[in-house]
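Structure, as structure tokens:
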Amino acid sequence: MNQQYPVIIIGAGPIGLAAAAHLIERHQDVRVLEAGPSAGAAIQNWGHIKLFSTWKYNIDAASRRLLETPTGTYPGDWVAPRETRLPTGAEMVTNYLEPLAAHPALAPNISYGHRVTQITRIQAEGKSVDKTRTQGREDSLFLVRTQTAAGTEDLLARAVIDASGTWDTPNPVGRSGIEAIGETDARASGFITCPLPDPLGTDQEAFAGKTILVLGAGHSASNTLISLGRLRQQHPDTTILWGLRGEANPVKLYGGGAADQLPARGQLGTSLRRFVENSDITIVENLSISALDIGEKLTLDLAGGRNLVVDLLVPATGFRPDLAMLSELRLDLDTIVEAPSALGPLIDPEFHSCGTVTAHGESVLAHPETDFYIVGMKSYGRAPTFLMATGYEQVRSIAASLAGDRAAAENLELQLPETGVCSTDLGGSCDAPATGEPAAACGTEEPAADSCCGTPVPVSIGFGTGTLHGFTELAQVRGR
């Protein structure tokens with residue numbers, strides 16, 4: 001009975017569109033709901049950032065087959081970018097996601113400007129199936145409520161894949177996971193910027209000559225700090241503060257140097273360390289923000305009675321999943337990272353870095369709510385690392401399961417070396433941004449074999465986290 005209803009996919013980013021491509025390849029009806037005005041809308045917010053991984057690892061297999069196969073209504077003339085190049089976010093959208101979303105097999109099934117606000121279950125005849133009801137639940141439909149320019153719309157689905165990412169739900173700058181007093185007003189007033197600003201591009205005028213605090217110790221913070229360091233070379237009156245919520249641990253901040261098992265992390269860490277040692281960037285340790293006061297500048301009230309006055313605060317504090325719209329569904333989530341419970345121990349950042357997360361599919365991502373899945377960046381909950389290739393494998397397995405092919409669903413196909421193709425603390429399902437330095441020679445015809453543009457092997461990135469990468473001094477007992 002439910003086969004007459006589509007599988008609804010939330011989000012038209014790389015993982016959402018890949019899910020649609022895999023389902024279409026298996027002759028399943030799909031509908032993609034995208035809150036933004038176009039495919040990859042979240043990525044457009046950080047289009048200036050260059051990815052760490054090459055094109056080879058950023059294109060889903062089913063999506064590529066769809067784009068390269070001629071049909072009666074499609075010439076199949078899409079040409080993949082050179083697989084050894086590193087795309088920017090904007091190039092990822094322009095050269096891949098937009099052509100994919102425009103494909104005649106996909107385009108009629110994508111609805112833009114549809115923000116999902118609630119998901120629940122309902123019987124086909126319209127009778128209620130609330131969260132407490134078990135009898136007949138597996139055979140019921142999903143009701144997906146969306147907010148559009150025309151008003152509220154309820155849609156029915158036989159299955160739902162949530163690939164909405166986490167870009168719209170950044171972690172607060174306040175302490176212990178909650179907003180600081182005054183944080184909402186500070187964001188609305190523009191004192192708190194977007195998580196990945198463009199200090200050398202569109203935001204240069206707003207940042208030059210200002211006192212800027214970058215809060216966070218992940219890749220987003222590092223990339224912004226390096227860009228600000230370069231901005232200060234052009235505008236020496238710019239003051240850059242690097243706010244850390246704990247003490248400055250060189251291994252964690254710069255990637256561990258010789259102890260780092262992922263060599264490509266070194267260039268990012270080396271660049272950052274140079275700016276700090278040259279006093280272009282000042283580290284502020286044990287920065288715990290209790291309140292934000294708005295005046296001509298932004299005053300940060302810190303634990304211990306300290307104050308800090310800045311012009312701008314960059315919240316490089318990571319992201320978390322929006323679970324509010326899923327409140328009427330029966331979810332089984334890890335209590336620490338808020339990922340599916342079977343996935344949580346595999347991605348806990350105190351034990352794992354992106355390259356050590358094993359491939360996983362439908363069985364690991366399943367919830368007590370039959371035929372509902374969270375995939376992509378959102379499936380990792382609060383964990384700061386995400387492997388795009390793993391996301392593609394997630395949706396391949398789920399599509400096989402929804403099409404009734406259990407053997408294919410259980411046969412995990414992803415094979416990557418431990419170093420992986422990693423991404424971290426971004427809100428979309430994309431690889432982490434690079435500083436731009438590794439890609440400097442990417443336009444050459446014959447790149448060096450050991451450069452970022454050389455032989456297309458997974459690029460190792462990211463700061464050391466997790467005992468599996470040798471940083472046991474950073475790990476505590478899981479279950480803290």
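The first residue in the sequence is number 1, and the count goes up from there.
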Inset, instruction - Go through the steps for I59 and Y392 under the test side chain to side chain contact (heavy atoms under 4.5 Å, CB included), then give the verdict. - result: CA-CA 9 Å; I59 298 174; Y392 290 152; 5.8 Å; no
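- Under the 4.5 Å side-chain criterion, counting only non-hydrogen atoms from C-beta, F142 is not in contact with I8.
- The line from CD1 of I15 to OG of S164 is 12.5 Å long, rounded to the nearest 0.5 Å.
- Across all their heavy atoms, A400 and A409 have their closest contact at CB-N, 3.7 Å.
- Looking at every heavy atom in both residues, L17 comes nearest to L97 through CD1-O, 3.9 Å.
- Annotation for E410: atom CD counts as buried by contact number, over 12 foreign heavy atoms lying within 6.0 Å.
- Within the 3.5 Å criterion, the main-chain N or O of G201 finds no donor-acceptor partner in the side chain of H48.
- In this structure a side-chain-to-backbone donor-acceptor pair under 3.5 Å is missing from H103 to A101.
- Using a 4.5 Å heavy-atom threshold, the side chains of D60 and L100 count as separate.
- Among residue pairs with one or both ends in residues 148-160, those qualifying as salt bridge (Lys or Arg N to Asp or Glu O under 4.0 Å) are R145-D154; sequence neighbours excluded.
- The heavy-atom pair separating G177 from P172 by the smallest distance is O-CG, 3.4 Å.
- Considering R133, K127, Q135, R121 as possible partners of S140, the one that fulfils the side-chain hydrogen bond (donor to acceptor under 3.5 Å, both in side chains) test is R121.
- A 4.5 Å side-chain heavy-atom check between L300 and F191 finds every atom pair outside the cut-off.
- Between the side chain of T224 and the backbone N or O of A221, no donor-acceptor pair lies under 3.5 Å.
- Sorted by first and then second residue, the pairs that involve residues 29-39 and meet side-chain hydrogen bond (donor to acceptor under 3.5 Å, both in side chains), not counting sequence neighbours, are R31-S111.
- Separating the OG atom in S290 from the CD atom in E183 is a distance of 11.5 Å, to the nearest 0.5 Å.
- The environment of I181 atom CD1 is sparse: at most 12 non-hydrogen atoms of other residues, nucleotides or ligands sit within 6.0 angstrom.
- Under 4.0 Å is where a charged nitrogen must lie from a carboxylate oxygen, and between E338 and R320 no such pair does.
- R137 and E328 get closest at one heavy-atom pair: NH2-O, 3.5 Å.
- Judged by distance alone, the side chain of S220 and the main-chain N or O of L196 form no donor-acceptor pair under 3.5 Å.
- One finds the CG atom of L213 at 6.5 Å from the CD1 atom of I289 (value rounded to the nearest 0.5 Å).
- When side chains are defined from C-beta on, Y74 does not count as touching T69, because their heavy atoms never get closer than 4.5 Å.
- Across all their heavy atoms, W55 and Y96 have their closest contact at CZ3-CB, 3.7 Å.
- D332 contributes no side-chain N or O that, together with a main-chain N or O of S341, makes up a donor-acceptor pair within less than 3.5 Å.
- Taking both residues in full, the closest heavy atoms of D130 and T132 are given as OD1-OG1, 2.7 Å, listed atom of the first, atom of the second, then distance.
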